[in-house]
Each structure stands twice: as C-alpha cells, then as structure tokens.
Asker: 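Let me begin by handing over the structure; questions about it come next.
So you know, we letter chains A, B, ... as the sequences are listed, proteins then strands, and number each from 1.
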Amino acid sequence: MTAVSGDQVASDVYDARALQEKWQVRWAKENPFVASEDPADGRPRRYVLDMFPYPSGDLHMGHAEAFAMGDVVARYRFQLGENVLHPIGWDSFGLPAENAAIKHNSHPGEWTYANIETQAESFQRYAVSLDWTRRLHTSDPEYYRWNQWLFLRFFERDLAYRKEGLVNWCPKDQTVLANEQVVQGRCERCHTEVVRRSLNQWYFRITEYADRLLDDMDQLGDGKWPERVLLMQRNWIGRSYGADVEFAIEGRDEPVTVFTTRPDTLYGATFFVAAADAALADELCAPEHREEFETYRDQVAKLSDIERQSTERPKTGVFLGRYAINPVNGERIPVWAADYVLAEYGHGAIMAVPAHDQRDLDFALKFGLPVREVVDTGEGDPAETGVATAGEGTLTNSGPLNGLAKDEAVERITRILEERGTGQGAVNYRLRDWLLSRQRFWGTPIPIVHCPECGEVPVPDDQLPVKLPENLKGADLAPKGVSPLAAVTDWVDVDCPRCGGAAQRDTDTMDTFVDSSWYFLRYCSPNLDTAPFDTEKVAEWGPIDQYVGGVEHAILHLLYARFFTKVLYDMGMVGFTEPFSRLLNQGQVINQGKAMSKSLGNGVDLGEEIEKYGVDAVRLTVVFAGPPEDDIDWADVSPGASLKFLNRAFKVMVQAGAASPPGTDPSTGDLTLRKATHRAIDQITTAVEAYRFNVAVARIMELVTAARKAIDSGPGAADPAVREAAEVIAVTLSLVAPYVAEEGWERLGHTGSVAIGNWRRAEPELLVQESVTCVVQVASKVRDKLEVSPDISEQELERLALASEKVRGFIGDREIHKIVVRAPKLVNIVVG
RNA sequence: GGGGCCGUAGCCCAAUAGGUCGAGGCACACGGUUUAGGUCCGUGACAGUGCGGGUUCGAGUCCCGCCGGCCCCA
C-alpha cells in the first residue's frame, strides 16, 4: 500500500491505510456532517441524497461509483458552508433476504441486518460525508408502520383498490409483478419469462395521476434531470390523443367502445378485433363459433408475452360469427378475436383499419378481409403493396371527410361522433395502475382485514403496525404461490375491527417500491412516531436539491416516488409536487467491456481495490475516469496512477506546510503561480457545478504540477503562493480524496477539518490575462499569431493583422473581400 | 419498425455563444535522479474529430444521408 519508500522521510509519504485509520477515528468523534436543525442557523439548507442501497452483501464497485459521485456534490456544498442534509438508510425489504433465509434456514432479518452493519462500516471507511444520526431501515416496524398508514390514506381516497384481473406472474419468484417490473416479457429480477394469471390483487391508482406525471416534467427540464430519463418516463406513460368510438354489435344491446388514435380513418374500418383473452371476446362469440374460439383462446393463453408481441410471428385469429356496425356509415363489419390486440390496453378491442395500420393489414391479408384506403398519402395502395400507410394525406372514400387533411379530419369526425352521441374525443395511456401486492414474506403486510360481513376493513391506525410474525424461517418461507403469511393461522385469524366477527388478515405484502417512494421524506424526521414524517421539517429541507442514482431506476422508482409526492401534496402533507429538483445518473462500473459477473469471472472486488490502492485512490479513479453518467470500464482506468497523483499532491502539501506558517498573506507570492491557482479555483468551481467532475480533477492535477514546478525550479516552497496553491489543492481535493486532503490540511498547519466551509473564491484580478494569442487567418487558414491585449479594439486588431509580414505574404496580390474580426482571439481575412 | 443518445491520438477522455482540435490521464519512447529496479523529476512522438454531402469567412459543434455502438418503446 505504501507507494513510496527508500530515501523519502516516512512521514512525508502518503500512506493510505495509516491515514484511513487516523481520520476515521476523528470523523467518528467529531461528526462533521450532521445536519443542523437549529432555527437560528442561517446557513442555506441543502438536501443531497444518494439512492439508498439494498443490503445484498458488502458494498461493491457500483456503490463505489454512485457514492463517490454523490459525495462530490455533497462535499462541495459542505465546503461552501451550507447546512447540508446528506442522510443514509437501507432499502431492506425484498426477495434476496428471503431466498437467503430459505437457503440458510434462518430469518430474513438476520441476513439483512448483518449485511447492513457490514455496509455501514464500509461506508464509514469509504468516507462518504453522511449524517449517521438519521439512519433508517425500511424493514424496521417503525418504518413500515408508515407504509401501512399511507396505504390506508390511499385506500380512503380510493387510490388503493383491489380488483380481479390478468396480472404478470413470475413462476420462479412465485409472485405477481408490476408492469414496470416486466422487462421484455421477463421478470426484472430473475429474468424468468412472465406468465399471465387472473388474480385478485391490490393496485394503486397511479393512472389517475398520469397527466400530472407528464405535465409536471416541465419543472425538470433545462438539464435538471437527464433528458433521456424524462423521455423514458414520457414513453412509459404513453399519453395518446384520439377518440372513443361506439360500435353497435348485432344482437347485443350495449354498444362496444374502442379507442383509436386515428378516428379520421373510421371509414376505412373493415373489421373489428377483440383481444382473444378479454372477457369481451368470450361474450361476443356466437354459439356456432364457440368451440373454435375456445380452442384458440387456450392456445393464446399458453403464449408468453414475448411470443405474443413479436412482429415476426404470423397473425392468428378466429371469426366470432358476429358483426359490428360502423357508426358513421352503418357498414356491417365482422368481429374477430386475435392475440395481437391486448386485453388490458384501451378497451380490449379495436376497430381495424388495414390500409393504415400494418398489424391490421397483415391480419387482413392473412384472412382475406377487405382493405379500403381512406387517406391518400401518395404512396401505393396498401392492398397491393402490403405496406400500410400511416402518414399525412388527403381523406378519400370517407363521406363528409373527403378532401380534408388528416388533422382536419380528426377534428371533424370527432365532432360528428359527439353530435350523434356515438363517440367523443379521448385520451389513452400506456401506463397501467401499479399492482402492489406480492405473495412473499419479507415486505410490509397490507393492513386490511377481510371480513365475511364487512368486506375489506382497514386496520385502525392505532393498531399499526401490523407486524410480520417473527417465528417463520427457512422452509416456512419457500414460495408456494400464496404468501407464506397465509399459513400462519394465528396471525391471519383476527376479529373484524368493524363488527368483531371472525375475519382474516390480508396475507400479501407490499411491493418494496412502496418503501422507497417516500423514504426521502422520512429522513427529515426519522424518529417521528406520530406520522410518517414531519410536514414542517419536510418544508424546511425539501424538495431534494440533488438526487443521485443509477439510470436503472429511470422509470420504476422515480415514477412511483413522483406519484407518491403528488398524492401527499394533495393531502396537504408536502408543499411541492416534484420530489427531486435535480437528478444525476451515474454510470455503471464494468470490466473488459462487460457487466461484471461471476459467470464471466471478470468481477472487481471493491474491498480488494481499496486494500491495494486505498480509498482515496479508488474514489479518485472513479471520479476521474470520465463524465459521471458514463460507464467506467475498470480495464481502462488506472487506480495505480491515481495513487501516484495523490502522492504528488500530498508531497506538495507537506513541503508547503513545512516551509511557511498558516495565515501567510499570499498577496506577495509568486504571481505566475497565484494566477494558476486562481484560474484553477475558477475552473474547478465551474466544472463541479456542471457535474464535470473528471474535468475538475484534471484541473487539480494541473495545479499540483504548477506547484511542484514552483517548488523545484521557481520561487521555492517557502513562497506564499506555494502555500496558497497547496491549500487550494487540499480544499478541492477534499471532494474526491478526503483522507489525503485532511492530512494535507493538517500538515499545512490547520486544526479542524478541511471539509467544511473552506472553498475559496477566485480573485477576479488574478483571472485577467495581460495578453492573449490572436490567430490571424487568411482564407480561413491560420497564417500568423499575435500576442495582444485582451481588450484590444477590433480596429486596432485588424490593423495589426494587416501589418503582419507573414499575413501580407499569404494575401499576395489577391483582393481582400472581407475581414472578420473577433477580438481579441481571431482575425480572418477573406480573399478572392 | 418508431424514437433518442453517442462516435476526437493505441486507450480513457477535454474543447465558453460555430473561432488556433488537445486540457488531464493511461500506455509508449527518451533524458535526469537512483548501486539497480520501481518510485520520483523532466522531455517527446503519434490524431485532424466514423464516412459522404450541405450551410458558413470559418464546422468536432448546425442541417441531410449513410456506417457502427448503446438505450427506450413496439
């Protein structure tokens, strides 16, 4: 670990391990990063938060990157002298604990809390500027009690409800999943193919907030959130404008409503399709087609979502022996059942316009259904080309719409439908309600009692928390398709809170994303036992000024947390509608171009890297590797080089500290170095504020080199400018390499931590340059360079440029067409 | 299939409102220090911005097309 040995005086050598041991003890004693609640404390308040970790084991390289980035932001704020809230906690409910408990025949809590302790120690060693007094764990009854309390408030507001419906079921984890947890038809966690089941489950009515979730994103623009995250959320919510159109069905009293984004193509609807697995298809099926339909439906049920949504697969379907009536032209169109229409989107049925929708066209061609073009786009007839046309064009074959453009037609037909009472303008969303029940043990019990008399009865607030039974372990927790809680009869059987009769607890637990949807509010009053959080404290700290975490949460966690915040706003419990004012997505740490994994054998162990290079060097490596949002390939970076740099920086601080006392007036110091120092301050500050931490580090490196040069071949270590530079090095380096910064600061003769309130401002007079290089171009090629004053006038600069011998030579006898002058940096002489 | 982001030395990456492509680092080479090696100090070479067009006095930056990579939605 010691990087330098031999002729150096041992104490002047940066010894990472020794410094870690020394400063961890001091920080633990002095607690420099505790947020102040003192009302008299006038410092600006700042809330910086890293997404809390899941205690899956010890910290790994991913945590190292995330928390190094977040810590740059937090420590910068501390350096500015702000009152920073930078708390930590654990997202400690979840499946891995349960699986570990089954494997080791233990209780999930044992594994969970042991891992939390391990991670807590690692965080201390990693020197993250955390406020340890606010620590929380979502698996504590003191925490999940408030999940239950919030669930009940949602229930009262009809934002939590139970319904029977087709849900995503993971056969491996033996539980249902939210839509957001199904990626490409597979379980987000274990990648098993998800199947459909019809179950009675609890949902949060997030669709009620779809418009606000979309529209409030306006608050997050201008670089406050990464554009791609906003884009992903927009896509996920998937708002589309169109119309609901009522189709009468022969032999049925009630019409069937379909949603379409293209009401303008209504005259081109030549058939009607119900999702094969929707109740509607079953209902519409004529008796003589029932057998065929049921066979088909059973086939569809066996298909995975992946197969079903594949565009490669030929279209399948059956005719249901019924006809629907097109409301605008009275046309009888056949009703089919197919699997390319999804039961849970829109109304589970569509009007098919084969000329202008490729899926409909594929289906029509396969089954010999008519294709009628109603928008002339100037492309070939879809019936012949096999290519549906979706673009702009002029309406045709469409009665009153003929001759209109697409947008006009949409407007006109919507009005016609509304006048006739057979349809209306409508908005459809891709977003589904949030399925929150899980058939697993290690989560928050849903605080509802099912009573044969009273139905769904909320557990009264004063009986919260509904605690998990403690006597389950090992095989008791094995997945069996129903929650393990169902088997604990003395837990399940309770008196109905309303009528006192025999009743049973709901045995499902909540999706752990409920836990993480409001934890950032709990940090403001982590021990409050009368409410989930103190509204006034949240008003003082919130919303979060800077949130830091991985892009893998771009939809799930961030969407849910935004939803919760809006509900809490409506309840008057928080005063803001967006929880995270700014968001930084850090990248992943990969190795040799691939995600680290055991099977590839390319894992990099954080503990081993720290052992080899020390905490500071590891942190410096991840921060310097590139922009924060980029992935870091560990094969491309060099922690050894980081360690060497820290050594250089440390020696500068030690030598400057030995040569002059603290408090030395820098104004008499070497001007060249002073200018370099203040330019560095200026550039580092700008870079940190713009999240360009890698650039900030590069500027610190330059400053160290400049100081080194000043000591070796300039004014010498005792020059006041060298001390000034060394102090700036200590302060700026503290954002990234806290140990060496603290030790350097002490060697510079300071007492107290370097980490708080020491950021310097660049002195403007030291930033001005007495001369700048002006390039002179002839026909856009650089032909000469001039040293000029920064405030030179355009006229003067033009005169100087034209006076240049070199320039005159290149102009020759060509005619000057134009001279572009951009004082003081450039002159371009355009010649004929 | 639709949408988005990205492509700068062997490698990781910089480049205010379009204005000298190269800040920083890795690797490499050379010199100094060193008994030697490493460390340390210093010096240096290598690219013209994926390809092809366009706008402009001037394009890494703006526009169009293509190639390659990544992401989101189908």
Asker: So, A:Lys612 and A:Glu608, do they make that salt bridge, N to O below 4.0 Å?
Answerer: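 Answer for the salt bridge query: no.
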Asker: Using a 4.0 Å heavy-atom cut-off, does A:Thr686 contact any base of the nucleic acid, only the sugar-phosphate backbone, or nothing at all?
Answerer: nothing
Asker: When you compare the protein's N or O atoms with those of nucleotides 43-49 of chain B, which come within less than 3.5 Å of each other, and at what distance?
Answerer:
none

Asker: Quick check: does any side chain N or O of A:Asp784 sit under 3.5 Å from a backbone N or O of A:Val776, one acting as donor and the other as acceptor?
Answerer: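 Not a single qualifying donor-acceptor pair exists.
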Asker: At under 4.0 Å between heavy atoms, which parts of nucleotides 21-29 of chain B does protein reach? Answer with one letter per nucleotide, 5' to 3': B base, S sugar-phosphate only, - none.
Answerer: --BBSS---
Asker: What is the ring orientation for A:Phe513 with A:His553, classed by angle as parallel under 30°, tilted 30 to 60°, or perpendicular over 60°?
Answerer: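 Answer is perpendicular, since the angle exceeds 60°.
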Asker: Any carboxylate oxygen within less than 4.0 angstrom of a Lys/Arg side-chain nitrogen, looking at A:Arg808 and A:Glu805?
Answerer: no
Asker: Return yes when atom CD of A:Glu787 has more than 12 non-hydrogen atoms of other residues, nucleotides or ligands closer than 6.0 Å, and no otherwise.
Answerer: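 Check passes, neighbour count above 12.
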Asker: With rounding to whole Å, what would you report as the distance between B:rU49 and B:rG7 at their C1' atoms?
Answerer: 9 Å
Asker: Given that both distances must come in under 3.5 Å, which nucleotide forms a Watson-Crick or G-U wobble pair with B:rG18?
Answerer: none
Asker: Nearest whole angstrom, please: distance from the P of B:rC13 to the CD of A:Glu629.
Answerer: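 Whole-Å distance recorded here is 11 Å.
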Asker: Take atom NZ of A:Lys651 and atom C1' of B:rC41, then tell me their distance rounded to the nearest Å.
Answerer: 9 Å
Asker: Compute both the distance and the angle, then confirm whether A:Arg783 meets the cation-pi test with A:Phe810: under 6.0 Å from the six-membered ring centre, within 45 degrees of the axis.
Answerer: yes
Asker: Taking the side chain from A:Asp719 and the backbone from A:Asp670, do they hold a donor-acceptor pair closer than 3.5 Å?
Answerer: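 Side chain of A:Asp719 to backbone of A:Asp670: a pair is present.
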Asker: When all nucleic acid strands are considered with a 4.0 Å heavy-atom cut-off, which category describes A:Asp630: base, sugar-phosphate, or nothing?
Answerer: sugar-phosphate
Asker: Would you call A:Asp712 and A:Arg708 a salt bridge, using N to O less than 4.0 angstrom?
Answerer: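 Salt bridge between A:Asp712 and A:Arg708, a charged N being under 4.0 Å from a carboxylate O: yes.
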Asker: Nearest nucleotide by nearest heavy atom, which residue falls closer to the 5' end of RNA chain B, A:Ala779 or A:Asp712?
Answerer: A:Asp712
Asker: I want to confirm an ordering. Mapping A:Val775 and A:Asp631 to their closest nucleotides on RNA chain B, which one lands closer to the 5' end?
Answerer: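 Mapping each residue to its closest nucleotide by heavy atoms, the 5'-most match is A:Asp631.
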Asker: Table please: side-chain donor-acceptor pairs of residues 823-832 of chain A below 3.5 Å, with sequence neighbours left out.
Answerer:
from: A:Asn828; atom 1: OD1; to: A:Ser780; atom 2: N; distance (Å): 3.0
from: A:Asn828; atom 1: ND2; to: A:Ser780; atom 2: OG; distance (Å): 3.3

Asker: How close or far is atom P of B:rC6 from atom CG of A:Asp633, stated in whole angstroms?
Answerer: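 Whole-Å distance recorded here is 21 Å.
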Asker: Between A:Arg228 and A:Glu629, is there a side-chain N and carboxylate O pair less than 4.0 Å apart?
Answerer: no
Asker: For the residue pair A:Tyr14 and A:Phe650, does the interplanar ring angle fall in the parallel (under 30°), tilted (30 to 60°) or perpendicular (over 60°) class?
Answerer: tilted
Asker: Could you write out each protein N or O paired with an N or O of nucleotides 69-73 of chain B at a distance under 3.5 Å?
Answerer:
from: B:rC73; atom 1: O3'; to: A:Arg430; atom 2: NH1; distance (Å): 3.0

Asker: What parts of residues 790-822 of chain A reach RNA chain B, counting only heavy atoms under 4.0 Å away?
Answerer: A:Lys818, A:Val820, A:Arg822
Asker: List for me each residue that meets side-chain contact (heavy atoms from CB on, under 4.5 Å) alongside A:Asp630, sequence neighbours excluded, and say none if there are none.
Answerer: A:Pro627
Asker: Look through every strand shown and name the nucleotide pairing with B:rC28 as Watson-Crick or G-U wobble, where both distances are under 3.5 Å.
Answerer: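 Its partner is B:rG44.
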Asker: Using atom CZ of A:Phe693 as one end and atom P of B:rA14 as the other, report the distance to the nearest whole Å.
Answerer: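 Answer to the nearest Å: 13 Å.
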Asker: Under 4.0 Å between a Lys/Arg side-chain N and an Asp/Glu carboxylate O for A:Glu611 and A:Arg17?
Answerer: yes
Asker: Given that both distances must come in under 3.5 Å, which nucleotide forms a Watson-Crick or G-U wobble pair with B:rC70?
Answerer: B:rG4
Asker: When the C1' atoms of B:rC67 and B:rA29 are compared, how many Å lie between them, rounded to an integer?
Answerer: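 My reading of the C1' atoms in B:rA29 and B:rC67 gives 36 Å.
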Asker: Return the nucleotide paired to B:rU33: Watson-Crick means purine N1 to pyrimidine N3 with N6-O4 or O6-N4, wobble means G-U with N1-O2 and O6-N3, both under 3.5 Å.
Answerer: none
Asker: Can you confirm if the NZ or CZ of A:Lys315 lies within 45° of the ring axis of A:Tyr340 and under 6.0 Å from the centre of its six-membered ring?
Answerer: yes
Asker: Would you measure the distance from the C1' atom in B:rG68 across to the matching atom in B:rC41 and give it in whole Å?
Answerer: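 Between the two C1' atoms, the distance is 43 Å.
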Asker: Under a 3.5 Å cut-off for both contacts, is B:rU56 paired Watson-Crick or G-U wobble with anything, and if yes, with which nucleotide?
Answerer: none
Asker: Looking at A:Arg239 and A:Asp211, is any side-chain nitrogen of the basic one under 4.0 Å from a carboxylate oxygen of the acidic one?
Answerer: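 A salt bridge is present here (some side-chain N lies under 4.0 Å from a carboxylate O).
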Asker: Using the P atom on both, measure B:rC51 against B:rU8 and round to a whole Å.
Answerer: 10 Å
Asker: Find the distance A:Arg783:CZ to B:rG58:P and express it as a whole number of Å.
Answerer: 15 Å
